[in-house]
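For ligands, and for the atoms within them, numbers begin at 1 and follow the listed sequence.
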Amino acid sequence: AAVIVRGDPYRLEQLHAHAHHVPNEIVLPKGHNVNFGAPVGTMVNLGGGKVVEAGYANECSAAQLAAAINASTAAILYIKSHHCVQKSILSVAEAAEVAKAHGLPLIVDAAAEEDLRLYYNQGADLVIYSGAKAIEGPTSGLVLGKRQYVEWVKQQANGIGRAMKVGKEGILGLTHAIERYLAKEKESGAAMVAKMTPFIECLNQLPGVTAKVAWDSAGRDIARTDIAFDHQQIGMTTVQVVNRLQQGTPAIYCRGYKANEGHIEIDVRSVTVPQLDQIHSAIANLVQENR
Ligand SMILES: *Cc1c(COP(=O)(O)O)cnc(C)c1O
């Protein structure tokens, strides 16, 4: 909405009332048009924009991104996320070059990212973080970027942004979470590996279970425990394992995106060693029950 309204008071108030005949196309690599829990297209529509996909499901070069730009383009959107296709897609810095060459803003959705400066330094005009992911604050969002664009975002508090209003207690909570986040020593990937190694060794003693370290597919310094299940040996599918873990006491939510391929991932950030023991016991009980 900020990059379509661009401070115009009439468009701010009449965003969805009628067509405005100003640029409203938001160009993004096709492999970034994902469902992160809600579809990117719906979110863009909410702000008065229309998604235009560049490239193909499995590739998008700088030239392919540029080819999707026309006089109706309002911004380029880059989604930095494990949800996206990673291979053969241009980098944020390359997307920033394309944006600059066309006089367009680059918006980076960095919802789950950990570095609050990286993408801005790489040339993004607006960088969006979830307040409740890496920052570990309350449900909220944080937008960093070039002053003019940030001002236009703030103005949306009197437009479509009102529907996403964060309360004063949420703002205080987020501010505190950001202060803590910036001050706190970050748990390194290597420390995560050290924490999960005994967990992995115990899991590997269970019949039909194979565990190993898996590094973050989006390139962050995060290690997770990848667990593969042998459906024959454990007598259930991995999708069933995911559901049963969620229904247990305590409820265990894992990364189940690859359950269809027989794998799950356990994200060990903020998980203590006694909690890893509980996860191990829950999995041990499940895989032994049908034997
Ligand atoms: C999680 C996520 C969001 C939304 O963040 P919330 O704080 O949950 O609203 C947006 N984009 C991507 C890529 C995400 O992963």
Side-chain angles (χ1 to χ4, degrees), residues 1-3 26-55 57 60 65 75-87 89-92 95-96 105-116 118-120 122 124-145 149-150 153-154 156-157 160-167 169-178 180-181 214-222 224 253-259 265 267 269-270:
V3 299
I26 309 295
V27 172
L28 85 167
K30 188 177 177 82
H32 286 192
N33 194 1
V34 296
N35 185 339
F36 60 77
V40 167
T42 302
M43 303 296 101
V44 168
N45 293 158
L46 203 56
K50 200 179 117 201
V51 158
V52 172
E53 295 176 341
C60 183
L65 186 69
I76 294 174
L77 176 60
Y78 191 106
I79 310 224
K80 185 70 198 171
S81 167
H82 68 91
H83 292 301
C84 297
V85 173
Q86 307 295 325
K87 63 172 182 180
I89 306 259
L90 78 174
S91 66
V92 170
L106 172 67
I107 305 168
V108 175
D109 176 350
E113 290 295 302
E114 308 193 305
D115 192 319
L116 300 184
L118 184 64
Y119 303 113
Y120 179 78
Q122 289 179 353
D125 296 280
L126 287 169
V127 192
I128 313 170
Y129 295 87
S130 171
K133 291 183 179 172
I135 299 170
E136 298 184 324
T139 302
S140 54
L142 174 68
V143 184
L144 306 176
Y149 288 108
V150 170
V153 171
K154 282 157 71 177
Q156 294 298 323
I160 190 75
R162 185 74 174 199
M164 300 146 215
K165 180 171 171 170
V166 172
E169 63 287 356
I171 296 171
L172 282 175
L174 176 63
T175 306
H176 186 63
I178 293 168
R180 275 181 39 156
Y181 179 68
W215 288 93
D216 183 58
S217 62
R220 295 169 297 175
D221 186 28
I222 301 171
R224 301 188 180 87
Y253 280 70
C254 64
R255 286 163 71 93
Y257 311 118
K258 291 189 190 159
E265 280 184 0
D267 196 321
R269 287 175 291 169
S270 311

(message) Between E136 and R269, does any side-chain N to carboxylate O distance fall below 4.0 Å?
(response) no

(request) Give the minimum heavy-atom separation between I135 and L142, together with the two atoms involved. (result) CD1-CD2, 4.0 Å

(message) Side chain, backbone, both or neither: which applies to V34 and ligand 1 if a contact is any heavy-atom pair less than 4.0 Å apart?
(response) neither

(request) Could you tell me whether atom 9 (O) of ligand 1 has at least one protein heavy atom nearer than 4.0 Å? (result) no

(message) Side chain, backbone, both or neither: which applies to A132 and ligand 1 if a contact is any heavy-atom pair less than 4.0 Å apart?
(response) neither

(request) Please answer whether the main-chain N or O of I79 pairs with a side-chain N or O of S81 as donor and acceptor at a distance below 3.5 Å. (result) no

(request) Run the numbers for me: atoms of ligand 1, each under 4.0 Å from some heavy atom of S81, listed by number. (result) 13 (C)

(request) For Y181 and E114, indicate whether the former's side chain and the latter's backbone hold a donor-acceptor pair under 3.5 Å. (result) yes

(request) Please write down residue, atom name and distance for the protein heavy atom closest to atom 4 (C) of ligand 1. (result) F36 CE1, 3.5 Å

(message) If the cut-off is 4.0 Å to any non-hydrogen atom of S130, which atoms of ligand 1 fall inside it?
(response) 5 (O), 6 (P), 7 (O)

(request) In sequence, state the C-alpha distance, the side-chain angles, and the governing distance for Q122 and S91, and then conclude on side-chain hydrogen bond (donor to acceptor under 3.5 Å, both in side chains). (result) CA-CA 10 Å; Q122 289 179 353; S91 66; over 6 Å; no

(request) Take every heavy atom of K133, measure it against each atom of ligand 1, and state whether any distance is under 4.0 Å. (result) yes

(request) Find all atoms of ligand 1 within a distance of less than 4.0 Å from any non-hydrogen atom belonging to I79, and give their numbers and elements. (result) 13 (C)

(request) Name the closest protein heavy atom to atom 11 (N) of ligand 1, giving the residue it belongs to and the distance to 0.1 Å. (result) D109 OD2, 2.6 Å

(request) Examine the proximity of ligand 1 to H83 and report which part, side chain or backbone, both or neither, has a heavy atom under 4.0 Å away. (result) side chain

(request) Indicate yes or no for a side-chain donor-acceptor contact from Y129 to the backbone of A134 under 3.5 Å, with no hydrogens or angles considered. (result) no

(message) With a 3.5 Å distance limit and no angle check, can you tell me whether R220 reaches the backbone of A112 through a side-chain donor-acceptor pair?
(response) yes

